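Written below as structure tokens is the structure these notes are about.
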Amino acid sequence: MPTKSRSYQISATPVTMLAHLVAIAIATLVLVWFLHFEEGFSYTSLDKVKILNLHGFLMVVGFILVAGEAIMVYKTIPAKKKVQKAIHFTLHLIALGAGILGIYSAFKFKHEIGIKNMVTIHSWLGIITICLFGLQLLLGFVSYVFPGAQMSSRASYMPWHVFGGMFIFFLAICTAETGLIQRFDTLNQEGLIINFIGLLLVLFAVGVGLSGVLPRGY
């Protein structure tokens with residue numbers, strides 16, 4: 001029987017490298033957007049837009065990019081499984097902290113300018129995403145970090161853990177896209193940067209997703 005060709009398969013390495021470069025580009029564009037066009041970001045300011053900018057920075061750079069890097073840890077860091085697991089969990093903790101602070105800054109912004117919270121699809125998706133992310137992190141800790149978990153339960157939960165992580169990550173991307181739509185005004189220089197951030201976020205999501213399904217190497 002002839003051997004099936006494996007020529008169509010590629011390694012995750014070039015995909016993850018591209019995803020890292022895209023993450024750097026996104027972070028750079030976000031900084032250019034807020035520092036050059038939007039007067040920066042701050043937790044407390046008389047210019048309330050700076051508080052909203054802090055929300056955007058924390059959610060894109062602190063939450064999405066860090067969470068994406070956490071997913072790719074197993075394909076990008078050549079270390080023992082325990083070390084990879086520790087980095088994976090730590091990065092997710094950082095992402096969760098940034099996400100919680102980012103959502104709080106959005107509530108703070110709306111409270112200080114006197115408008116209602118939770119009225120747009122962006123805000124609904126954001127709350128759902130951060131709640132699911134926290135639940136996913138808790139279940140992951142109980143299943144894979146807590147010493148009392150049985151190996152059989154870890155193995156049976158793994159497909160759901162992977163699926164849940166990818167689903168929540170893509171949901172975060174969708175939430176960010178709706179947030180960018182709300183910030184878009186007109187197709188000037190700032191508008192172009194916002195659009196490119198949105199496009200690169202999609203490309204980053206593709207890279208992270210492929211890194212999860214492709215083999216590390218041959």
Side-chain angles (χ1 to χ4, degrees), residues 15-72 94-130 133 168-211:
V15 176
T16 54
M17 290 179 62
L18 176 61
H20 296 323
L21 293 175
V22 172
I24 294 172
I26 292 171
T28 302
L29 286 179
V30 169
L31 287 173
V32 170
W33 176 22
F34 290 140
L35 296 179
H36 180 68
F37 293 99
E38 293 289 336
E39 305 297 331
F41 43 83
S42 175
Y43 178 74
T44 303
S45 176
L46 294 176
D47 184 359
K48 304 307 178 184
V49 176
K50 290 185 178 181
I51 302 175
L52 182 62
N53 293 342
L54 178 63
H55 164 74
F57 175 78
L58 288 172
M59 300 312 296
V60 174
V61 178
F63 183 65
I64 290 179
L65 296 188
V66 174
E69 293 295 334
I71 293 173
M72 296 188 291
I94 294 172
L96 179 62
I100 292 173
L101 184 58
I103 288 180
Y104 177 76
S105 64
F107 277 92
K108 186 174 186 292
F109 164 75
K110 292 185 177 182
H111 173 73
E112 293 191 6
I113 65 173
I115 62 176
K116 292 182 178 180
N117 287 297
M118 303 301 297
V119 296
T120 64
I121 186 63
H122 172 68
S123 58
W124 290 12
L125 288 175
I127 290 297
I128 293 171
T129 299
I130 201 69
F133 190 89
I168 295 167
F169 177 73
F170 292 142
L171 186 61
I173 295 292
C174 292
T175 305
E177 299 291 352
T178 59
L180 291 173
I181 290 173
Q182 290 183 188
R183 296 298 300 268
F184 183 86
D185 182 32
T186 185
L187 194 59
N188 50 19
Q189 288 184 335
E190 182 177 1
L192 283 173
I193 288 179
I194 294 174
N195 283 350
F196 274 111
I197 291 172
L199 289 175
L200 289 175
L201 280 172
V202 173
L203 185 58
F204 183 64
V206 172
V208 172
L210 284 175
S211 73

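Every value quoted in this text rests on a predicted model; they were computed, and no experiment measured them.
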Are the side chains of [Y] and [X] in contact, using a 4.5 Å heavy-atom criterion?
{"X": "E177", "Y": "L201", "result": "yes"}
{"X": "V206", "Y": "L210", "result": "yes"}
{"X": "L180", "Y": "H122", "result": "no"}

Could you check whether atom [atom1] of [X] has more than 12 heavy atoms from other residues, nucleotides or ligands sitting under 6.0 Å from it?
{"X": "F196", "atom1": "CZ", "result": "no"}
{"X": "M118", "atom1": "CE", "result": "yes"}
{"X": "Q189", "atom1": "CD", "result": "no"}
{"X": "L187", "atom1": "CG", "result": "yes"}

Least distance between heavy atoms, [X] atom then [Y] atom:
{"X": "H55", "Y": "A106", "result": "ND1-CB, 3.4 Å"}
{"X": "M72", "Y": "A19", "result": "SD-CB, 3.6 Å"}
{"X": "S45", "Y": "K50", "result": "OG-CD, 3.5 Å"}
{"X": "G40", "Y": "N53", "result": "O-ND2, 2.8 Å"}

Give me the ring orientation class for Y43 and Y104: parallel if the planes are under 30° apart, tilted from 30 to 60°, perpendicular past 60°. parallel

| request: For L52 and R183, run side chain to side chain contact (heavy atoms under 4.5 Å, CB included): C-alpha distance rounded to whole Å, both residues' side-chain angles, the deciding distance at 0.1 Å, then the answer. | output: CA-CA 10 Å; L52 182 62; R183 296 298 300 268; 3.6 Å; yes

Reported [atom1]-to-[atom2] distance for the pair [X] and [Y], which is rounded to 0.5 angstrom:
{"X": "E69", "Y": "F204", "atom1": "CD", "atom2": "CZ", "result": "5.0 Å"}
{"X": "T129", "Y": "I64", "atom1": "OG1", "atom2": "CD1", "result": "8.5 Å"}
{"X": "N195", "Y": "L29", "atom1": "CG", "atom2": "CG", "result": "11.5 Å"}
{"X": "I193", "Y": "E38", "atom1": "CD1", "atom2": "CD", "result": "10.0 Å"}
{"X": "E112", "Y": "K48", "atom1": "CD", "atom2": "NZ", "result": "4.0 Å"}
{"X": "I51", "Y": "K108", "atom1": "CD1", "atom2": "NZ", "result": "4.0 Å"}

ask   = Under the side chain to side chain contact (heavy atoms under 4.5 Å, CB included) criterion, do F63 and I130 qualify, and how do the steps go?
value = CA-CA 10 Å; F63 183 65; I130 201 69; 3.8 Å; yes

- Item | Side-chain donor-acceptor pair present, E190, H36, cut-off under 3.5 Å | no

(request) Report the C-alpha separation of T175 and W124 in whole Å, then their side-chain angles, then the decisive distance to 0.1 Å, and conclude whether the side chain to side chain contact (heavy atoms under 4.5 Å, CB included) test is met. (result) CA-CA 9 Å; T175 305; W124 290 12; over 6 Å; no

Exercise. T186 side chain to N188 main-chain N or O, any donor-acceptor pair under 3.5 Å?
Worked result: no

